[in-house]
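Working notes for the structure below.
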2 protein chains.
Amino acid sequence: MPGRPAITLDRSSPIPLYFQVAEQFEEAILSGTIAPGDRIDNEVDLARDLGLSRPTMRQAIQTLVDKGMLVRKRGVGTQVVHGKVRRSVELTSLYDDLTRAGQEPRTEILHLRRSPADEETAQELQVAEGAEVWSLERLRFVGDEPLALMCNYLPIGLVDLDGADLEHDGLYATLRRSGILIRVARQRIGCRRATTAEATRLGERRGSPLLTMQRTAYDDAGQAVEFGRHAYRPELYSFDLTLVER
Amino acid sequence: MPGRPAITLDRSSPIPLYFQVAEQFEEAILSGTIAPGDRIDNEVDLARDLGLSRPTMRQAIQTLVDKGMLVRKRGVGTQVVHGKVRRSVELTSLYDDLTRAGQEPRTEILHLRRSPADEETAQELQVAEGAEVWSLERLRFVGDEPLALMCNYLPIGLVDLDGADLEHDGLYATLRRSGILIRVARQRIGCRRATTAEATRLGERRGSPLLTMQRTAYDDAGQAVEFGRHAYRPELYSFDLTLVER
DNA sequence: GAGTGGTCTAGACCACATT
DNA sequence: ATGTGGTCTAGACCACTCC
């Protein structure tokens, strides 16, 4: 019963040392090599044995504390949290989520065009009201089931959108390929009844509850690059979060 | 137009230096002294001028990056993000949320008793199925409007619950006063139709959409201390999140 | 008192973006 | 070439918990 997994470091790798350590601890936790509730060795010993400085070792542990996998307590030690470790909400699109889950997502582009921004969109994207923006509407399926109806708006000039790319790769992957990196996003999660149009698209009845999410995403430079309104079928989708006291 | 706010350090204070710096930057950002999009001075200069080491200065900036208020870009600099800075989902109860928002929350205890844990509760709290746990049901109001119906379950022996405390202070404050600190929580947000009982309590119609949240909270020691199922009226409540690419 | 995590220093070298 | 953030070292002292 080890207070640590077997850890190998590659000092010639471009991957930061703290990240290599964190990765191997994470794997050991997820695989059960270190069980929930187990205490891991103290920072000083770990650093010494791995030939690292203590700040570097601390940084490795901190990344897992931030993920909610480890809990530190001063004067006591560091241990693996109890309970299932679920994936938390991350800065990815639903498309990524589903792909990673091994399911088969499919996207149908309902339209892709330029149109004048409504008041809310203009404010979120920091453009003038009525200014032209990309307007994208998509319907996402898992298998044959419609899962989500997604309306997204992007400033013109930032990127050239292509229907084929979007069907195949999802919006965020398309942005990444254009060199746009999302760094911060703000989301609001709520719920409401489906409109007739939404119900038709999603194969629900009019007035059925839908889980809704509004998101504004910002790039490297702090500029808004995307605003979206999404509606999910609540039987098929929910949001998982891990919150950590800092 | 400063690349930094006026910062004063108190080295005799028990408050960490990096936190003092972060606090004053945050205030400058929220008050508009540093505008969205403004670049702040580089880490090295800031550290030198404040008489801090660079790692300490970095730690200060990092806490604001984690909050989604600053964006760092290698080779370029650090700037304030655009857009409104909303409060993100934090490790607090709804009661805290409402109090801070200056509204007047009121809580009605529907029941507080010991009862056998159902399957899901037992699993989340890591007790045997059918074992006795605290069972707490509350109805929360803002003004005269019912806002949320909350069912919570806690292991027995951890804390003695008192109805008066709960009405007045909320569950999390009561736990804090008992020396229990929540460190990690896992939440699942979804939505569904109200049952007849829920609709009656919340002043909605049967079948109305409700925003739901399940949460399991863990303490210092990684032990589950609380499992709850909450239902919110979607016209009155939503979840705001800020996601940051790490 | 012993052991643990929390904070802090004063540097160093590297990777990346811009000019 | 210059300036920026990203990583890392080898220590130091303190605060807290537990025995």
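This is a predicted model, so every value here is computed, not measured.
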Would you please confirm or rule out a distance under 4.0 Å between OP1 or OP2 of [N] and any side-chain N or O of [X]?
{"X": "A:T56", "N": "D:dT7", "result": "no"}
{"X": "B:R58", "N": "D:dG5", "result": "no"}
{"X": "B:R11", "N": "C:dT9", "result": "yes"}
{"X": "A:Y18", "N": "D:dC8", "result": "no"}
{"X": "B:N42", "N": "D:dG3", "result": "no"}

Once you round it to whole Å, what is the distance between [atom2] of [N] and [atom1] of [X]?
{"X": "B:D41", "N": "D:dG5", "atom1": "CG", "atom2": "P", "value": "9 Å"}
{"X": "A:R39", "N": "D:dT17", "atom1": "CZ", "atom2": "C1'", "value": "11 Å"}
{"X": "A:L70", "N": "C:dG5", "atom1": "CG", "atom2": "P", "value": "11 Å"}
{"X": "A:L64", "N": "C:dG5", "atom1": "CG", "atom2": "C1'", "value": "16 Å"}
{"X": "B:I15", "N": "C:dC8", "atom1": "CD1", "atom2": "C1'", "value": "16 Å"}
{"X": "A:M57", "N": "C:dG5", "atom1": "CE", "atom2": "C1'", "value": "13 Å"}
{"X": "A:Q20", "N": "D:dC8", "atom1": "CD", "atom2": "C1'", "value": "13 Å"}
{"X": "B:R48", "N": "D:dG5", "atom1": "CZ", "atom2": "P", "value": "13 Å"}

B/S/- along nucleotides 11-19 of chain C (protein heavy atoms under 4.0 Å) is BB--BBS--
Return the 5'-most residue of the pair B:E43, A:P16 with respect to DNA chain D, ranking by each residue's nearest nucleotide.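 Mapping each residue to its closest nucleotide by heavy atoms, the 5'-most match is B:E43.
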Please identify each residue that fulfils salt bridge (Lys or Arg N to Asp or Glu O under 4.0 Å) with A:R72, with sequence neighbours left out.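 If we apply the salt bridge (Lys or Arg N to Asp or Glu O under 4.0 Å) test to A:R72, skipping adjacent residues, the hits are A:E43.
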Kindly write out the residues that satisfy salt bridge (Lys or Arg N to Asp or Glu O under 4.0 Å) with A:E120, not counting sequence neighbours, or none if the list is empty.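 Salt bridge (Lys or Arg N to Asp or Glu O under 4.0 Å) list for A:E120, sorted by chain: A:R229.
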I'd like to know if the side chain of [X] pairs up with that of [Y] as donor and acceptor (distance under 3.5 Å, no hydrogens or angles considered).
{"X": "B:Q62", "Y": "B:Y18", "result": "no"}
{"X": "A:R113", "Y": "A:S135", "result": "no"}
{"X": "A:T121", "Y": "A:D118", "result": "yes"}
{"X": "A:N152", "Y": "A:R138", "result": "yes"}

Is a side-chain donor or acceptor of A:R39 paired with a backbone partner of A:V76 at a separation under 3.5 angstrom?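 Yes, the answer is positive, given that a donor and an acceptor are paired below the 3.5 Å cut-off.
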